[in-house]
Amino acid sequence: MDKENISTVAKISRGLFLLFSSVFFIAVLTQIFLAGLAIFVNPIYWMKHTTFIHVFGFNIPVLLFLLSYFGKLPQWAYIYVFGLISGVFFMYFTANFTNILRWLGALHPIIAVFLVILSFLLVKKTTLFIFQKRSSELI
């Protein structure tokens, strides 16, 4: 789609998509930091780690899905958002079913790394997509 012919709703949705994908990236980093505090500083931080996820867990990825639709973003945006939703689901799964299969807990930090990388790549790709025309105009 020609970037000059997109609607105001699409432009605002794209900006919000970039904002909330950045917020998700920062929130995942914060979760990892809280887990590190719980391990290395004080176990009291486990409560913050377990409650903070409910602030952004599925809320932001579902919002990103809606914004990708209204922003008329390419198919890659939907694939990334599906990856985030899947990653959050598997994070909950590995955290809550360790009583049944103990080794599932070991996957929890691996999935966290996956979420950090995926959310960073989403922010990067979205930034390039939104500001691509502006940078080409400068050259």
Side-chain angles (χ1 to χ4, degrees):
M1 177 177 280
D2 189 15
K3 290 187 183 201
E4 295 156 2
N5 295 330
I6 61 171
S7 68
T8 304
V9 171
K11 288 179 184 177
I12 291 170
S13 296
R14 289 177 180 187
L16 289 172
F17 186 89
L18 178 59
L19 173 70
F20 283 106
S21 60
S22 300
V23 167
F24 186 85
F25 172 66
I26 292 167
V28 172
L29 289 176
T30 303
Q31 272 295 88
I32 293 171
F33 179 71
L34 289 171
L37 285 174
I39 292 169
F40 295 107
V41 177
N42 190 337
I44 194 88
Y45 287 102
W46 280 126
M47 185 57 114
K48 292 180 191 238
H49 176 78
T50 57
T51 56
F52 183 63
I53 184 63
H54 302 299
V55 173
F56 72 94
F58 285 111
N59 302 332
I60 292 179
V62 169
L63 180 61
L64 288 175
F65 179 78
L66 293 172
L67 290 171
S68 61
Y69 174 77
F70 290 117
K72 297 180 169 88
L73 290 171
Q75 185 178 7
W76 56 259
Y78 293 95
I79 294 169
Y80 276 81
V81 171
F82 177 74
L84 295 179
I85 291 171
S86 300
V88 171
F89 171 78
F90 285 118
M91 289 296 281
Y92 274 104
F93 185 78
T94 58
N96 293 316
F97 287 94
T98 54
N99 292 339
I100 298 169
L101 295 170
R102 300 288 298 161
W103 60 270
L104 281 176
L107 294 175
H108 197 75
I110 294 170
I111 298 168
V113 171
F114 165 77
L115 282 173
V116 167
I117 293 169
L118 189 65
S119 60
F120 172 77
L121 291 174
L122 179 60
V123 170
K124 181 180 176 185
K125 192 160 184 140
T126 304
T127 302
L128 291 173
F129 179 77
I130 291 174
F131 297 108
Q132 179 180 354
K133 187 174 189 309
R134 289 186 189 170
S135 64
S136 64
E137 290 174 351
L138 297 174
I139 298 175

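Every value quoted in this text rests on a predicted model; they were computed, and no experiment measured them.
- Counting all heavy atoms, side chain and backbone alike, S22 lies closest to L18 at OG-O, 2.9 Å.
- When side chains are defined from C-beta on, M91 does not count as touching I53, because their heavy atoms never get closer than 4.5 Å.
- Hydrophobic clustering of Ile, Leu, Val, Met, Phe, Trp and Tyr side chains at less than 4.5 Å, counting indirect connections, unites L19 with F65.
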* Steps toward side chain to side chain contact (heavy atoms under 4.5 Å, CB included) verdict (I12, F70) -> CA-CA 9 Å; I12 291 170; F70 290 117; over 6 Å; no
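- Side-chain contact between W76 and L122 is present, with heavy atoms from C-beta onward closer than 4.5 Å.
- Y45 and M47 sit in two unconnected hydrophobic clusters of ILVMFWY residues. Membership requires side-chain heavy atoms under 4.5 Å apart, directly or through other members.
- Atom CZ of residue F114 and atom OG of residue S86 lie 7.0 Å apart, to the nearest 0.5 angstrom.
- Hydrophobic clustering (ILVMFWY, side-chain heavy atoms < 4.5 Å, transitive): V28 and W46 are in distinct clusters.
- Under the 4.5 Å side-chain heavy-atom criterion for grouping Ile, Leu, Val, Met, Phe, Trp and Tyr, V116 is connected to V113 within one hydrophobic cluster.
- The CG atom of L84 sits 10.5 Å away from atom CZ of F56, with the distance rounded to the nearest 0.5 Å.
- The shortest heavy-atom contact between K48 and Q31 is O-OE1, 4.3 Å.
- With a 4.5 Å cut-off on side-chain heavy atoms, Y80 and L121 count as touching.
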* Walk me through it: do Y69 and Y78 pass the test side chain to side chain contact (heavy atoms under 4.5 Å, CB included)? => CA-CA 9 Å; Y69 174 77; Y78 293 95; 3.6 Å; yes
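- Between F120 and F25, the angle of the ring planes lies from 30° to 60°, which puts this pair in the tilted group.
- More than 12 heavy atoms of other residues, nucleotides or ligands lie within 6.0 Å of CZ in F58, so this atom counts as buried by the packing criterion.
- Linking ILVMFWY side-chain heavy atoms closer than 4.5 Å, directly or via other members, places I32 and F89 in a single hydrophobic cluster.
- The nearest pair of heavy atoms linking R14 to G71 is NE-O, 2.7 Å.
- Atom CD1 in I110 sits 12.5 Å away from atom CG in L115 (nearest 0.5 Å).
- F97 pairs by the ring pair (Phe, Tyr, Trp, His ring centres under 6.0 Å) definition with F93, not counting sequence neighbours.
- Using a 4.5 Å cut-off on side-chain heavy atoms (C-beta onward), V81 and F17 make contact.
- Atom-to-atom distance recorded for L16:CG and L63:CG is 7.5 Å, nearest 0.5 angstrom.
- Using a 30° and 60° split on the angle between ring planes, H54 and Y92 fall in the tilted class, from 30° to 60°.
- More than 12 non-hydrogen atoms from other residues, nucleotides or ligands lie less than 6.0 angstrom from CZ of F52.
- Checking I44, L37, I39 one by one against V41, the side-chain contact (heavy atoms from CB on, under 4.5 Å) holds for a single residue, L37.
- P61 and F24 get closest at one heavy-atom pair: CG-CE1, 3.8 Å.
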* To do: Take I6 and K72 through the test side chain to side chain contact (heavy atoms under 4.5 Å, CB included) and record every step on the way to the result.
  => CA-CA 8 Å; I6 61 171; K72 297 180 169 88; 5.8 Å; no
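- The shortest heavy-atom contact between G83 and L118 is C-CD2, 3.5 Å.
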